[in-house]
Amino acid sequence: MRLLLVEDDDHVAAALSAVLARHGFQVVHARNGEEALQALLPADKEPFGVVLLDLGLPDQDGYEVCGKIRKRSAIPVIMVTARADVRSRIHGLNLGADDYVVKPYDTGELLARIHAVARRGSSGEDTGQTPLAALRIGPVHIELPTRRVSVDGNEVQLTRKEFDLLALLAQRPGVVFRREQIISEVWRTSWEGTGRTLEVHVASLRSKLRLPALIETVRGVGYRLVPPSA
């Protein structure tokens with residue numbers, strides 16, 4: 001699989017490229033945002049399976065680069081940064097990133113995340129959901145075929161994983177979904193480290209829908225969708 005590594009530090013890029021190559025990846029290195037965007041242009045080459053995007057770039061803000069990538073391609077993007085706060089992660093996910101890795105990271109963790117988002121990318125929009133027409137939970141209206149969500153008639157822009165997570169919970173209101181089950185069905189992986197990504201997606205959904213009580217955390221188990229009281 002071809003992987004686009006966007007990293008301005010040549011030493012870091014060389015070391016990481018060597019590790020990725022040993023695991024079967026064909027790495028293309030871009031040193032800044034403009035090189036990354038140019039690398040995505042050629043149509044006569046095998047498409048990239050994943051973009052590994054460092055946010056600390058010399059020419060453009062990494063978030064801006066992510067937004068530009070998402071406007072022109074559905075390629076999975078993993079952000080790499082030293083910013084560990086949840087708000088930064090949510091901002092990245094809102095721009096279309098598929099995952100978020102915080103430095104310093106374990107190489108095994110990074111490889112697991114790459115494989116997880118690559119599997120999602122190769123499977124397209126298929127999440128194994130039952131092809132229902134729509135779901136309504138209180139003021140929340142979910143159109144499964146078109147992947148559109150609205151609250152009180154106002155459309156809410158969700159990332160693909162946010163939509164998949166909401167749709168999963170909404171199809172069985174009140175039922176507690178185990179964290180492992182959600183990760184398996186939405187992220188198509190059993191790797192435990194994805195749990196932190198799940199927490200970020202839940203926080204982002206609560207914020208975007210402006211219904212913090214809609215998704216309830218069941219401590220030690222998982223999450224469930226709680227229909228608003230009439």
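What's counted below: heavy atoms across the whole structure, side chains too, no hydrogens, waters or symmetry copies.
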Contact check, side chains of [X] and [Y], non-hydrogen atoms, under 4.5 Å:
X	Y	value
Ile137	Pro228	yes
Leu166	Leu209	yes
Ile114	Met1	yes
Leu169	Ile182	yes

Run the salt bridge (charged side-chain N to carboxylate O under 4.0 Å, His left out) test against [X] and tell me which residues pass, sequence neighbours left out.
X	value
Glu34	none
Glu216	Arg224
Asp152	none
Arg148	Glu155

Looking only at heavy atoms, what is the nearest atom pair of [X] and [Y], with distance?
X	Y	value
Gly62	Leu57	CA-CD1, 4.4 Å
Pro227	Leu225	CD-O, 3.5 Å
Tyr100	Ile78	N-CG2, 4.4 Å
Pro139	Leu211	CG-CD1, 4.0 Å

Listed by chain and number, what are the side-chain contact (heavy atoms from CB on, under 4.5 Å) partners of [X], not counting sequence neighbours?
X	answer
Val12	Glu7, Asp9
Asp106	Glu109
Pro104	none
Ser207	none

| Got more than 12 heavy atoms from elsewhere within 6.0 Å of CZ, Arg210? | no

| message | Using the side-chain hydrogen bond (donor to acceptor under 3.5 Å, both in side chains) criterion, which residues pair with Arg136? Sequence neighbours excluded. | response | His141

| field | Sequence-distant partners of Ser17, side-chain hydrogen bond (donor to acceptor under 3.5 Å, both in side chains), two or more places apart | value | none

Mark yes or no for whether [X], through its side chain, and [Y], through its backbone, hold a donor-acceptor pair below 3.5 Å.
X	Y	answer
Asp59	Gly33	yes
Arg70	Ile75	yes
Arg72	Leu41	no
Arg160	Ala74	yes
Asp98	Val77	yes
Glu64	Gln60	no
Lys103	Val80	no

With rounding to the nearest 0.5 angstrom, report the [atom1] to [atom2] distance, [X] to [Y].
X	Y	atom1	atom2	value
Gln171	Ile142	CD	CD1	8.5 Å
Leu55	Asp8	CG	CG	11.0 Å
Ile215	Tyr223	CD1	OH	9.0 Å

Taking only Lys NZ, Arg NE, NH1 and NH2, and the carboxylate oxygens of Asp or Glu, determine whether [X] and [Y] approach each other closer than 4.0 Å.
X	Y	result
Asp164	Arg147	yes
Glu185	Arg178	no
Lys161	Asp99	no

Would you give me the side-chain donor-acceptor pairs under 3.5 Å for residues 18-27, sequence neighbours excluded?
from  : atom 1 : to    : atom 2 : distance (Å)
His23 : ND1    : Val19 : O      : 3.0

| task | Tell me who clusters with Val218, hydrophobic residues only, linked when side chains sit under 4.5 Å apart either directly or through other members. | result | Val176, Val221

